[in-house]
Amino acid sequence: MGFTTAVRRRLGKYEVPAAELYRSVFIDLDDMATTLLSLSRPKRILEIGCGDGAVAERLVGALPDAEYVGIDVMAEPGRLFRGDRARAEFRSVYSHDLRAEGPALFDLVLVVDVLHHVPPAHRDALLHDAEAMLAPGGTLIVKEWERRQDLAHLMAYTSDRYVSGDKNVDFADREQLHAIVSRALPDFSVVCETRVPPKRNNILLALRRADG
Ligand SMILES: C[S@@+](CC[C@H](N)C(=O)[O-])C[C@H]1O[C@@H](n2cnc3c(N)ncnc32)[C@H](O)[C@@H]1O
């Protein structure tokens, strides 16, 4: 168990409110969920890099008929999820392992604040896995933290590098993010690009296959 995880667990019942407060400095996840729900009303959701389950909690809570699968490379993904576990499954597997299982396809696939933790050489593969598990007509969401020359970015970089302890964290700017996505997913079009409050660094791209 990492130092940060050990410290967080010692917070006990205050861990969830502390995690929510900390995250809210950077992103309003309720606002992002509202945006996601305005784009689609999915029945099957996959989140690659689901973390503790903060996004899952919002979507599963808002969509009473939806099934959610969250995967992550961390141990115990979804540990802080407070919602209906009958409709939410969390697994510690790589996306290529889940893809190899041939799961039923998902009509919403989310990659939220994950790519900057993935080495550049592995990003295409992760996005290809997302594409392969997306149903025809489905929506793929790539939400990233944009590298900008501002105080918010300095805070985010410091947090990911020194609090989360990811030595290889590597943020893209807007043009680089578009380049990453269009190279990996040439058959997709960006159908929506928006910012998620409270920081302009939060850039969200909604993608769909160009042929429908
Ligand atoms: C900042 S957290 C975001 C968690 C969640 N998406 C959210 O927004 O609350 C980034 C997560 O990406 C996960 N991650 C990093 N590389 C990954 C990979 N190759 N495949 C799946 N998850 C990965 C990390 O373990 C971490 O839980």
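First listed ligand is number 1; within each ligand, the first listed atom is number 1. Here the structure is a predicted model, which means the values were calculated and not measured.
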Show the short N or O contacts, below 3.5 Å, that ligand 1 makes with protein N or O atoms; if there are none, say 'none'.
| residue | atom | partner | partner atom | Å |
| --- | --- | --- | --- | --- |
| ligand 1 | 6 (N) | E47 | OE2 | 2.7 |
| ligand 1 | 6 (N) | G49 | O | 2.7 |
| ligand 1 | 6 (N) | V112 | O | 3.0 |
| ligand 1 | 8 (O) | R23 | NH1 | 3.3 |
| ligand 1 | 8 (O) | R23 | NH2 | 2.8 |
| ligand 1 | 9 (O) | R23 | NH1 | 2.7 |
| ligand 1 | 25 (O) | D72 | OD1 | 2.6 |
| ligand 1 | 27 (O) | D72 | OD1 | 3.4 |
| ligand 1 | 27 (O) | D72 | OD2 | 2.7 |

Test side-chain contact (heavy atoms from CB on, under 4.5 Å) on M32 and V55; report intermediate values, then the result.
CA-CA 9 Å; M32 184 180 78; V55 176; 3.9 Å; yes
List the steps and the verdict of salt bridge (charged side-chain N to carboxylate O under 4.0 Å, His left out) for D113 and R23.
CA-CA 12 Å; D113 287 333; R23 197 79 191 278; 3.1 Å; yes
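Between H153 and W145, the ring planes lie parallel to each other; the angle is under 30°, not in the 30° to 60° tilted range.
Considering CG of L63 and CZ of R58, their distance stands at 13.5 Å, rounded to 0.5 Å. Between atom CG of residue L134 and atom CG of residue L105 there is a gap of 7.5 Å, rounded to the nearest 0.5 Å.
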Give the table of side-chain donor-acceptor pairs shorter than 3.5 Å for residues 117-124, with sequence neighbours excluded, one pair per line with atom names and distance.
| residue | atom | partner | partner atom | Å |
| --- | --- | --- | --- | --- |
| H117 | ND1 | D166 | OD2 | 2.6 |
| R123 | NE | L115 | O | 3.0 |
| R123 | NE | V118 | O | 3.0 |
| R123 | NH2 | L115 | O | 3.4 |
| R123 | NH2 | V118 | O | 3.4 |
| R123 | NH2 | D170 | O | 3.0 |
| D124 | OD1 | R183 | NH2 | 3.0 |
| D124 | OD2 | R183 | NE | 3.3 |

